[in-house]
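In what follows, a structure is listed as structure tokens, so that the remarks can point back to it.
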Amino acid sequence: MKIGSRALLLILQNAPYILFVVLLVVFGLMSDRFFAIANFRNIIIQAAPIAILAIGMTFVLLTAQIDLSVGGIMYLTATVLALYMTGAPWPVGLAAVIFMGGFIGALNGVVVTRLGVASFIVTLATLFILRGIAMYLSNTRTLMFGDEILTLNRATVLGIPSAIFAFLVVFAVAWVILHQTPFGRQVYAVGGDPEAARKAGLPVARIVFFCFVIAGICAGVGGFVSITQIGAVGPKYGDQIEFSAIAAAVLGGVSLFGGRGSVAGTVFGAILIKSVQNGLNIINADPYIYPLVTAAIIFLAVAIDGLRTRIIERLERRTIRPVSVE
Amino acid sequence: MTGASTPFLRVEGVRKSFFGVTVLHDVSFAVEAGKALGLVGENGSGKSTSMNILGGVIQPEAGSMFLGGEAYAPADPKQAAAAGVAFIHQELNLFHNLTVEENLFVDAFPRRGVLPLIDRRAIRASTEEVLAEVDLQVKPSTLVAKLSQGERQLVEIAKAVSRNARLIIFDEPTTSLTRPEVERLFAIIERLKQRGIAIIYISHALEDVISVCETITVLRDGHLAGTAPKDDLTLQQIIAMMVGRSIDTIYPQRLRSGGGDRIFSVSGLSQPGVAENVSFDIRQGEIVGLSGLMGSGRSELARMIFGLDPFRRGVITINGKPLNDPTPRSAMDAGIAFLTEDRRGEGLLMDFTVSENTVLASLRSVAGALGILDKRAISRVSLDMASAMRLSTDRVDDTQVKHLSGGNQQKVVIGKWLRRQPVLFILDEPTRGIDVGAKQEVYRIINGLVERGSAVLLISSEIEELMGLSDRILALSRGEMVGSFDSKPFDREAIMAAAAGVGKLEAAE
Amino acid sequence: MTAVPPAHIAQSAIPRSGMGRLLKLVLSEYFILVLCLLYVAGIYPFVPEILTWGVWSNILGDMMPLLVVAIGQTFVLIVAGIDLSITAIISMAAVVGASVMTGTGGYLSGSAAAVPIAILVMLLVGVGIGFINGMSIVWLNMPSFIVTLATRMFFAGAAIWFVTFHSTSSSIADLPRSFSNFSTGSFSGIPYTVLVVGMIAVVAHVFLSRTRYGRWIYAVGANPKAARVSGIPVERTIMMAFLISGACASVAAMIYAARMQTGSPIAGENILLDVIGAVVIGGTSLFGGKGKIIWTVFGVLFLVILDTSMKLLGASLFAIYIIKGSVILLAAMMDTLRNRILAER
Amino acid sequence: RAQGSKTIAVLFDGLYSEFWVAGIQIIREDLKKRGFEIMEAISDQDDNKQFEQVRAAIARKVDGIIIVQTDSNAVIPAIRAANEADIPMVHFNRPPAPSDAFSVAIQADNQKISRDAVTYSCEVAKASGKKHKAAILIGDLGDPNAIQRRDGFQEAVDQYPDVIEVVAKIPTEWNADTAFAGLTNALQANPDISFLFTSSDFLIPQIQQALKTADKWHPVGNENHVIFTGFDGFPDAYALMKDGYMDACGVQNLFYETELAIQAILDLQEGKKVDKLLLDPGFAITQQNIEEKKEEMWGYVLWKEKNPG
Ligand SMILES: Nc1ncnc2c1ncn2[C@@H]1O[C@H](COP(=O)(O)OP(=O)(O)OP(=O)(O)O)[C@@H](O)[C@H]1O
Ligand SMILES: Nc1ncnc2c1ncn2[C@@H]1O[C@H](COP(=O)(O)OP(=O)(O)OP(=O)(O)O)[C@@H](O)[C@H]1O
Ligand SMILES: [Mg+2]
Ligand SMILES: [Mg+2]
């Protein structure tokens with residue numbers, strides 16, 4: 001009985017990962033090209049921008065806020081880069097993007113924390129505004145990037161493709177911030193119980209503010225990694241990406257009500273989504289079924305997670321007397 | 001003030017109002033280092049408010065405070081903590097999604113050198129140290145969500161101790177502690193006093209206040225009703241100061257007592273890990289007390305009967321009819337009412353008005369065709385409830401319950417169930433956190449209920465209360481019914497022994 | 001979560017003078033309506049047409065589909081959920097309904113029963129997707145955000161796919177006249193759409209504010225545990241909100257399909273954030289337990305006036321985005337300010 | 001607003017690619033030159049919104065409407081409304097579905113143009129004497145243009161079953177990163193893809209990136225050259241044609257179409273009779289005919305402006 005329930009618990013606790021593996025096996029059976037190192041590298045490269053974005057989103061979600069403006073931040077920062085920094089070396093461009101992303105995030109953060117407007121509305125409004133500004137600046141044209149940026153896609157650091165490297169760096173920094181710094185633990189505290197956080201003397205407003213700044217920075221960086229891949233920025237750039245970022249985070253176990261989740265889970269969510277797309281590409285699926293399959297898998301993953309929480313709660317329910325063997 | 005030494009904390013003429021209503025008028029008191037001040041008063045008399053001012057949660061409109069001889073005016077909780085004031089709130093202030101050690105240091109993590117990284121090893125070490133000091137045996141890396149209420153309380157104390165607090169405020173620390181936990185808490189408070197820490201202790205359990213504190217300050221309606229060394233006061237005097245009249249018998253006499261038809265019964269109720277073969281019955285007009293240690297499964301039993309928790313086996317019968325697979329709705333339809341022990345979490349919609357809460361469990365009775373609600377009926381019904389329960393406000397339609405004091409909130413929860421004229425009323429800790437005056441009213445209400453023919457299952461951790469009210473007392477231990485006492489006067493020791501599971505052990509040997 | 005300031009505290013303390021009355025109006029729940037008036041007054045010099053009958057009948061017409069979806073969304077937000085699938089429901093209901101009644105190859109092409117059955121089918125699609133949403137949330141313990149995100153993705157894709165089986169173009173045309181009458185016809189001067197949506201709004205308002213089911217919805221949104229202990233069927237209540245939202249979205253699908261005489265899988269594809277924005281601007285809380293139909297009406301009116309004025313101005317896309325975003329932000333900030341003033345009174 | 005001047009509503013579906021940006025620009029400038037006021041609106045691929053925009057234009061009593069409708073069926077009520085208000089309406093680039101409502105359509109035959117361009121490429125493939133594996137980047141499946149171009153592609157390759165095998169149909173949702181990822185993945189699955197069609201030239205940067213990464217970016221003549229067919233006739237596409245990376249490109253004659261559209265509006269306003277359908281035959285520009293046809297390619301004209309000399 002005990003061993004059985006522990007095994008069940010183990011399976012349940014790793015249910016999303018098991019689903020992921022099943023998915024991989026299915027795709028692998030359908031195409032022998034799927035199980036290639038190069039393909040996994042592709043998946044991670046392709047997941048990098050959205051994963052970086054979703055990592056930023058995780059900070060905001062952990063404080064029970066939401067940031068719908070990330071797509072707008074991506075679009076505007078990339079547009080500015082394409083228009084005004086054509087000749088600049090890429091590190092300057094990256095720095096500029098980080099700065100701009102952080103600045104816009106700070107604006108979101110100020111309105112949310114100082115004026116107390118719900119973040120959903122604030123970031124919805126800034127989403128419109130940012131996209132509008134970017135369209136104005138670019139005259140709604142598709143802007144191209146020069147070789148300085150384009151060659152980055154094929155560059156490697158220590159043998160690791162640049163996109164993966166960037167993603168690993170962002171992930172590592174985010175993980176350290178969340179788990180090893182006072183700020184990170186306070187993010188969890190604020191999300192877990194804002195009232196208690198206030199009473200405990202935590203600078204709630206400042207913490208939430210910085211989470212928006214981080215989300216902004218991540219949006220800028222994610223956008224930068226994305227443009228090294230696609231080489232251009234057009235009016236649909238970053239459109240609706242906020243939903244993908246949130247979906248990745250939630251798939252990875254982040255709660256929209258704050259205080260629960262981790263960046264590792266988020267990264268897993270992003271990779272899961274991209275694996276589905278990759279697998280469908282590889283098996284040359286009918287284009288019409290892409291959204292159907294993707295939606296079904298997201299649904300399944302979250303359904304399993306919901307079931308898992310329920311069963312684990314039941315298994316771990318406090319017992320006040322020994323459970324008699326039946 | 002007594003004593004020659006200058007007090008460690010002095011509060012003078014503090015005033016505070018909310019929405020134009022003054023809730024503290026010129027309140028003054030003082031605490032000496034190494035001594036405990038008891039702060040008592042009815043619900044809503046301003047105890048928590050004055051402590052919130054001390055703790056920097058809110059700011060007073062007038063008055064001054066001195067701490068260690070210096071002017072003290074904390075602008076936020078952080079400043080209060082920095083000045084050495086620790087506040088253990090009535091509603092515990094822990095983060096359930098963080099570990100014990102993280103909770104201890106959440107607002108001031110020690111860092112590793114200049115890097116903004118948490119010095120995990122340092123917090124592990126000092127956490128272990130303070131946990132030992134407060135006698136709490138859990139791993140520092142345990143999530144607080146996994147701790148019991150008592151353990152959480154100790155974590156809060158550990159937090160205060162780890163900060164080298166010089167003044168620790170306890171606001172209602174014992175409401176969810178078992179008696180042994182309470183004793184342990186008192187021992188720790190004693191130790192803290194010996195280390196020169198000043199204590200402010202707020203409680204409605206006046207005996208506890210008397211046993212812990214050197215000095216007692218009484219508040220009434222936000223005014224200072226008096227301060228005196230505890231040796232100069234009797235319990236009766238304190239109560240008289242609190243409520244402005246004297247209360248002789250806390251447990252009012254009932255006209256009719258017990259002995260109607262058997263109206264409710266449970267037989268063979270079992271749920272693995274929670275309850276084992278529980279059987280009992282209740283007669284009309286009878287109050288059956290359910291005693292047991294905290295965590296003995298009394299609340300779970302009540303929740304199973306009311307359909308909130310599942311059970312594997314057993315038969316519940318009410319009014320002669322079986323209640324199969326109860327849900328709260330079917331239980332209610334069968335005539336059961338359930339007063340939850342978690343007033344804030346389950347009892348009330350805090351942002352809603354008194355009248356909205358009052359009718360929540362009996363909407364059908366104020367709804368006409370198509371479920372359309374009769375607003376006038378709702379107001380009337382709620383006003384009736386307010387006057388019957390002697391609620392502090394009669395603006396039932398626009399007072400949100402979160403602005404009521406704990407006792408008044410409790411009255412609203414009870415009132416909302418009384419509307420249904422229940423056949424069986426299950427009361428889980430009906431007087432938790434409410435003052436003597438309010439308690440007496442709740443007792444009066446319970447008696448009235450029984451006199452009108454309802455049956456009551458009363459769960460309480462206050463053995464006095466059980467003995468004062470019940471016609472019969474059952475003892476539950478680890479999910480098993482271990483004793484039944486129906487001869488008044490009750491044998492206090494026997495009940496407690498049974499609840500602790502001792503009686504059974506002895507029998508087995 | 002951001003603290004929601006207490007909604008209605010001591011409003012009676014305001015003097016009854018003219019100035020006081022204006023202040024009272026600004027501080028009342030009609031605040032967004034006041035903003036609408038101010039906005040119209042402000043924009044009038046630039047587009048005097050804004051005060052013509054033609055424009056207002058357009059505003060009214062444009063409001064209807066948005067409003068009916070927003071009403072459904074209000075229910076969902078009050079039970080502390082969110083329904084992102086509304087646009088997919090609209091798409092799916094529109095194309096399925098169209099496939100039933102289209103004159104070219106519809107299932108019931110030419111039959112007299114085609115239109116009523118198509119309407120029924122559209123409702124069923126809406127309620128069905130609402131049911132899937134509700135079921136997943138209630139039984140499978142899933143957060144509504146992700147459930148409805150998934151159903152949105154699924155049914156938006158399914159609607160596009162569905163059309164390929166019924167039409168060579170990307171939409172299903174040739175809907176019966178009697179159906180498109182719904183958008184063009186009127187009853188003693190009041191367009192049918194206004195009549196229908198108006199009725200839905202009134203019923204929704206009464207349902208929410210006057211019936212015990214309405215109380216269930218608020219209670220569940222405010223505190224599901226307390227609601228459960230009070231004997232409220234929490235699961236059923238959540239389910240009900242999502243069913244209502246699905247049904248409302250299918251009514252919007254009817255309006256769209258009738259108006260364009262086409263079952264298009266992309267009609268109203270981009271209104272999601274507008275709808276939620278309108279409801280929230282109206283004052284309904286995203287965290288549940290608070291909201292009113294009348295607020296939603298004002299919120300939608302505000303957004304449609306904003307949109308209409310942009311159209312009349314012929315503003316370019318970027319200008320629309322910037323102005324719309326700024327005005328929404330401004331409105332939200334003023335609303336927050338208003339609530340703060342109320343709370344401090 | 002100047003009194004007495006006439007207003008034309010210019011209602012576009014979206015400005016997602018340079019084609020539309022250039023189109024609206026040319027129309028805008030031309031109308032201004034002729035002294036018209038312009039009322040612009042973009043429907044953002046929402047046919048209901050577009051309907052509302054038409055109604056707003058009618059409410060503003062414009063003197064003519066140039067529209068790029070989102071959906072050929074859904075636009076019909078809008079045409080009827082314009083008919084009722086007696087406002088002439090011209091469809092730029094896309095025809096409405098047949099109906100009794102009156103309006104003038106300038107049509108570029110997406111399907112035919114893409115078929116012609118792809119057919120040329122198929123001939124090239126056939127001439128190589130090898131079999132080719134082909135990939136197509138499909139646009140948004142809800143966008144009729146995307147569907148027509150896909151169908152044109154399909155019709156063309158169906159004529160060459162022995163030469164072309166379509167191994168990858170990549171949905172892009174008109175999304176650059178989806179396209180990039182999709183093509184990369186397709187190349188992973190089928191490293192020997194040697195024939196590529198994109199439903200719009202705006203995806204060129206992503207294609208270039210993906211092919212470069214797979215070491216498949218080589219001009220005509222190189223044995224690793226991927227036979228590449230574009231659509232739209234972007235400046236970029238001209239540059240690639242010139243440098244030999246692209247074999248053929250379906251071109252819509254933008255200048256001709258704008259000219260037709262404006263002329264039609266003017267004629268209608270003067271009460272002249274105009275045909276319901278004005279065709280832009282478009283053409284496929286190929287490595288063979290590039291020199292003779294390039295002047296008709298709008299992308300070349302723009303390219304020349306940007307790269308003088
Ligand atoms: N934030 C607030 N807003 C409005 N009124 C408040 C607020 N906090 C407290 N009050 C009011 O102030 C009065 C004093 O409340 P307080 O919490 O200090 O009482 P208490 O003595 O601690 O009571 P209890 O024993 O029930 O805890 C009460 O009438 C209460 O309704
Ligand atoms: N060991 C524990 N682990 C987790 N939660 C606990 C534990 N002990 C107590 N709690 C929580 O504290 C709350 C208070 O529990 P309580 O002491 O009232 O015990 P009970 O079993 O509910 O009933 P009672 O003490 O009334 O018999 C419970 O609702 C429970 O959630
Ligand atoms: Mg208190
Ligand atoms: Mg209990």
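Numbers restart at 1 for each chain; the letters A, B, ... are given by sequence-line order, proteins then strands.
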Measuring heavy-atom distances to chain C, does [X] have an atom under 4.5 Å in its side chain, in its backbone, in both, or in neither?
X        : result
A/Thr294 : both
A/Asp286 : side chain
A/Ile297 : neither
A/Leu137 : neither
A/Arg198 : neither
A/Ile66  : side chain
A/Leu130 : neither
A/Leu124 : side chain
A/Glu195 : neither

Checklist entry - Among A/Leu68, A/Asn108, A/Leu107, A/Val111, which one satisfies side-chain contact (heavy atoms from CB on, under 4.5 Å) with A/Thr126? => result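 Checked A/Leu68, A/Asn108, A/Leu107, A/Val111 against A/Thr126; only one passes side-chain contact (heavy atoms from CB on, under 4.5 Å): A/Asn108.
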
Taking atom types as modelled, find out whether [X] and [Y] have a side-chain donor-acceptor pair closer than 3.5 angstrom.
X        : Y        : value
C/Thr74  : C/Thr284 : no
A/Thr79  : A/Ser138 : no
C/Ser309 : C/Tyr39  : yes
A/Tyr290 : A/Asn281 : yes
C/Asn133 : C/Thr151 : yes

Between [X] and [Y], what is the shortest heavy-atom contact and its length?
X        : Y        : answer
C/Phe75  : C/Ala241 : O-CB, 3.9 Å
C/Cys36  : C/Ile305 : CB-CD1, 4.0 Å
A/Gly56  : A/Ala215 : O-CB, 3.7 Å
A/Leu292 : A/Tyr288 : CD1-O, 3.8 Å

Checklist entry - Where do A/Lys199 and A/Asp193 land on the salt bridge (charged side-chain N to carboxylate O under 4.0 Å, His left out) test, with the steps shown first? => result CA-CA 10 Å; A/Lys199 283 191 187 156; A/Asp193 189 342; over 6 Å; no

Checklist entry - Within 45° of the six-membered ring axis of A/Phe209 and under 6.0 Å from that ring's centre, is NZ or CZ of A/Arg114 located there? => result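 No, cation not above the ring by the 6.0 Å, 45° rule.
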
Checklist entry - Can you tell which of A/Val302, A/Ile298, A/Val250 has the highest number of heavy-atom pairs within less than 4.5 Å of chain C? => result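 Heavy-atom pair counts peak at A/Val302.
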
Next on the checklist: Counting heavy-atom pairs under 4.5 Å with chain C, which one of A/Leu251, A/Leu307, A/Ile246 comes out on top?
Outcome noted: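 With the most close heavy-atom pairs to chain C, the winner is A/Ile246.
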
Checklist entry - Ring centres of C/Phe131 and C/Phe242 under 6.0 Å apart? => result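 No, the ring centres sit 6.0 Å or more apart.
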
Select one option (side chain, backbone, both, neither) describing which atoms of [X] are under 4.5 Å from chain A's heavy atoms.
X        : value
C/Leu272 : side chain
C/Thr164 : side chain
C/Leu286 : side chain

Checklist entry - For atom CZ of A/Phe210, is the number of surrounding heavy atoms from other residues, nucleotides or ligands below 6.0 Å larger than 12? => result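 No, CZ of A/Phe210 has 12 or fewer neighbouring heavy atoms, counting only those of other groups under 6.0 Å.
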
Checklist entry - Can you pull out the residues in residues 200-208 of chain A with any heavy atom less than 4.5 Å from chain C? => result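 At a heavy-atom separation under 4.5 Å, chain C is reached by no residue of residues 200-208 of chain A.
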
Checklist entry - Does the pair C/Arg152 and A/Phe243 meet the rule for a side-chain contact (heavy atoms from CB on, under 4.5 Å), with working shown? => result CA-CA 11 Å; C/Arg152 163 187 160 86; A/Phe243 288 120; 4.2 Å; yes

Item to check | Those residues of residues 81-95 of chain C, ordered by number, that approach chain A below 4.5 Å (heavy atom to heavy atom) | outcome: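 So the qualifying residues are C/Ile82, C/Leu84.
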
Item to check | chain A contacts, top residue of C/Val147, C/Ile281, C/Leu273, C/Asp335 (heavy-atom pairs, under 4.5 Å) | outcome: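 Highest number of heavy-atom pairs under 4.5 Å: C/Leu273.
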
Next on the checklist: Could you work out, with side-chain contact (heavy atoms from CB on, under 4.5 Å) as the rule, every residue matching C/Leu317, not counting sequence neighbours?
Outcome noted: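 C/Leu317 satisfies side-chain contact (heavy atoms from CB on, under 4.5 Å) with A/Met135, C/Tyr321, D/Ile42 once adjacent residues are dropped.
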
Checklist entry - Which pairs, with at least one residue in residues 292-306 of chain A and sequence neighbours excluded, count as a salt bridge (Lys or Arg N to Asp or Glu O under 4.0 Å)? => result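 Every pair satisfying salt bridge (Lys or Arg N to Asp or Glu O under 4.0 Å) with a residue in residues 292-306 of chain A: A/Asp305-A/Arg308.
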
